[in-house]
Amino acid sequence: MPKIFVSQRIPGSALERLKKAEFEVDVSPIEGIMSSDELLSSLKAKPYDGLLSLLTNTIDKSVFDACPTLKIVSNYAVGFNNIDLDEAKKRGIVVANTPGQSISDSVAEHTFALMLALMRRVAEGDRYMREGKYKGWDPELLLGEDLRGKTLGILGAGRIGEQVIKMAVRGFDMTAVYYDVVRHKNLEEEYKAMFVETPEELLKMADVVTIHVPLLPTTKHLINAERLKMMKSGAYLINTSRGPVVDEKALYDALKNNQIRGAALDVFEFEPNPVSGLDRLSNIILTPHIASATFIVREEMSQMAVENLIDFFAGRDVKRKVV
Ligand code: NAD
């Protein structure tokens, strides 16, 4: 009977499936995110075979040392930057994640929710109403920008980036230009997306830049002060990937000095806190890492995280294996 530790309660019925399959399942006794110390002491309590972790848990050498019987980590997330993959590989521990079509679609939708809220000033308008400032229709009130006809720059055209390109071109009549370390010719054929060889080229062309790269040493601060200066003065930046991909202090300076028009962030460099002052700017929209937070997606993520464990212990291929 494989013993599984789940580092935080997850939505839906998937854990019941594990129990029915005769796994021994222990869920964190703590409400919310476990600290590293809490996770380590829980893992030392039993010889666990599997860990179902969240992106808020740092899974490194100390975790593997605390639980030498660990064979698989199933991460309830698409990103896996919270896991030391080299260390896992060295120890023969399998790491799997939870990507899928629904999650890509939902993150892409949230990207557009942010884009529309920012460019059509929805959040500002909402604040304006609640503050009792609306005194009657005014042709000059809260003018924004249309999406149609604009050039959208996509940094990272993988699963989510592709959905964003599809929605932009098919739904909003935008033109897409993308930068990726891998060229995706199908996107060029299907959506007339233009490939550029450097992020700099993209930043100079795009009216809106949206980030969909994984967090890696090569993508940390992909958007920094120097690159923000290359963006058009009326451009917008959207980040739903991982916070440290953007140098957030540099973004704060660029927004404060009206170097770019606006930004929307779902993820933060020092999550959960935005850098000081960011939440007082009117030209930014902030959401609390909810780009994939829909009922359907969360249930699917739970099922995928559990399926990774069931397949592994049944000796089957783990479809979403990262290492
Ligand atoms: P993916 O692996 O399908 O696509 C990532 C793309 O980025 C790939 O095409 C890859 O070639 C490209 N890439 C890698 N390094 C690059 C670099 N240095 N420069 C340019 N391109 C580079 O991943 P995905 O499913 O599209 O997800 C992307 C990221 O979105 C995830 O890694 C995760 O961090 C984030 N995410 C966030 C949320 C959220 O709730 N906000 C939800 C899901 C995923």
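Ligands are counted one by one from 1 in listed order, and the atoms in each one are counted from 1 as well. Sequence positions, counted from 1, serve as the residue numbers for this chain.
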Are side-chain N/O atoms of Ser53 and Asn75 paired as donor and acceptor at under 3.5 Å?
-> yes
Could you establish whether Thr240 and ligand 1 come within less than 4.0 Å of each other, counting only heavy atoms on the residue side?
-> yes
Structural part of His212 in contact with ligand 1, heavy atom criterion under 4.0 angstrom = backbone
Using non-hydrogen atoms of the residue, decide whether Pro99 is closer than 4.0 angstrom to ligand 1.
-> no
Where does Val78 meet ligand 1, judged by heavy-atom distances below 4.0 Å: at the side chain, the backbone, both, or neither?
-> side chain
Among protein heavy atoms, which sits nearest to atom 42 (C) of ligand 1, and what does the distance come to when rounded to 0.1 Å?
-> Val107 CG2, 3.4 Å
Near His184 (heavy-atom distance under 4.0 Å), the atoms of ligand 1 are 9 (O)
Give a yes-or-no answer on whether the side chains of His212 and Glu162 include a donor-acceptor pair shorter than 3.5 Å.
-> no
Establish whether Phe80 and Leu222 are linked, either directly or via other cluster members, by ILVMFWY side-chain heavy-atom contacts under 4.5 Å.
-> no
Is a side-chain N or O of Asn97 found less than 3.5 angstrom from the main chain of Val78, in a donor-acceptor match?
-> yes
Within the 4.0 Å heavy-atom cut-off, what Val213 brings close to ligand 1 is both
In terms of residue, atom name and distance, what is the protein heavy atom nearest to atom 23 (O) of ligand 1?
-> Arg159 NH2, 3.5 Å
What protein heavy atom is closest to atom 18 (N) of ligand 1, reported as residue, atom name and distance in Å?
-> Thr219 CG2, 3.3 Å
Within 4.0 Å of some non-hydrogen atom of Val182, the atoms of ligand 1 are 11 (O)
When Leu152 is tested against each of Val208, Val209, Val169 for side-chain contact (heavy atoms from CB on, under 4.5 Å), which residue passes?
-> Val208
Find all atoms of ligand 1 within a distance of less than 4.0 Å from any non-hydrogen atom belonging to Ala291, and give their numbers and elements.
-> 39 (C), 40 (O), 41 (N)
Tell me: protein heavy atom nearest atom 36 (N) of ligand 1, and distance?
-> Arg242 NH1, 3.7 Å
Residue, atom name and distance, where the atom is the protein heavy atom closest to atom 14 (C) of ligand 1 = Pro214 CD, 3.6 Å
Which bit of His110 is near ligand 1, meaning a heavy atom under 4.0 Å away: side chain, backbone, both or neither?
-> neither
Looking at Glu271 and Arg242, does any basic side-chain N land under 4.0 Å from a carboxylate oxygen?
-> no
Counting only N and O atoms by type, is there a donor-acceptor contact under 3.5 Å from the side chain of Asn239 to the main-chain atoms of Val245?
-> no
For ligand 1, find out whether one of its N or O atoms is nearer than 3.5 Å to an N or O atom of Tyr179.
-> no
Mind telling me whether Phe112 and Phe172 have parallel, tilted or perpendicular rings, with 30° and 60° as the class edges?
-> parallel
Hey, is Ile160 touching ligand 1 through its side chain, its backbone, both or neither, going by heavy atoms under 4.0 Å?
-> both
Gln303 side chain to Arg17 side chain, donor-acceptor N/O pair below 3.5 angstrom | yes
If only atom types and distance count, is the side chain of Tyr191 paired as donor or acceptor with the main-chain N or O of Met194 below 3.5 Å?
-> no
Indicate yes or no for a side-chain donor-acceptor contact from Asp266 to the backbone of His289 under 3.5 Å, with no hydrogens or angles considered.
-> yes
Would you check whether Asp266 has a nitrogen or oxygen atom less than 3.5 angstrom from a nitrogen or oxygen atom of ligand 1?
-> yes
Under 3.5 Å side-chain donor-acceptor pair for His110 and Thr287 = yes
Enumerate the atoms of ligand 1 whose separation from the nearest heavy atom of Gly156 is less than 4.0 angstrom.
-> 7 (O), 21 (N)
Determine, considering heavy atoms only, which of Ser241, Ser292, Gly243 sits nearest to atom 35 (C) of ligand 1.
-> Ser241
Please verify whether a non-hydrogen atom of Glu162 lies at under 4.0 Å from ligand 1.
-> no
Could you tell me the residue and atom name of the protein heavy atom closest to atom 13 (N) of ligand 1, and the distance to it rounded to 0.1 Å?
-> Val181 CG2, 3.7 Å
Sort out for me which residue in Lys232, Lys150, Arg148 forms a salt bridge (Lys or Arg N to Asp or Glu O under 4.0 Å) with Asp207.
-> Lys232
Who's the nearest protein heavy-atom neighbour of atom 40 (O) of ligand 1, and how far?
-> His289 CD2, 3.2 Å
Is Ser104 touching ligand 1 with its side chain, its backbone, both, or neither, if touching means heavy atoms under 4.0 Å apart?
-> neither
Among all protein non-hydrogen atoms, which one is nearest to atom 4 (O) of ligand 1, and what is the separation to 0.1 Å?
-> Gly158 CA, 3.2 Å
So, Ser102 and Glu300: side-chain donor and acceptor under 3.5 Å apart, yes or no?
-> yes
Of Val164, Leu216, Asp180, Thr218, the one whose closest heavy atom lies nearest atom 11 (O) of ligand 1 is Asp180
Would Glu188 and Tyr178 count as having a side-chain donor-acceptor pair, cut-off 3.5 Å?
-> yes
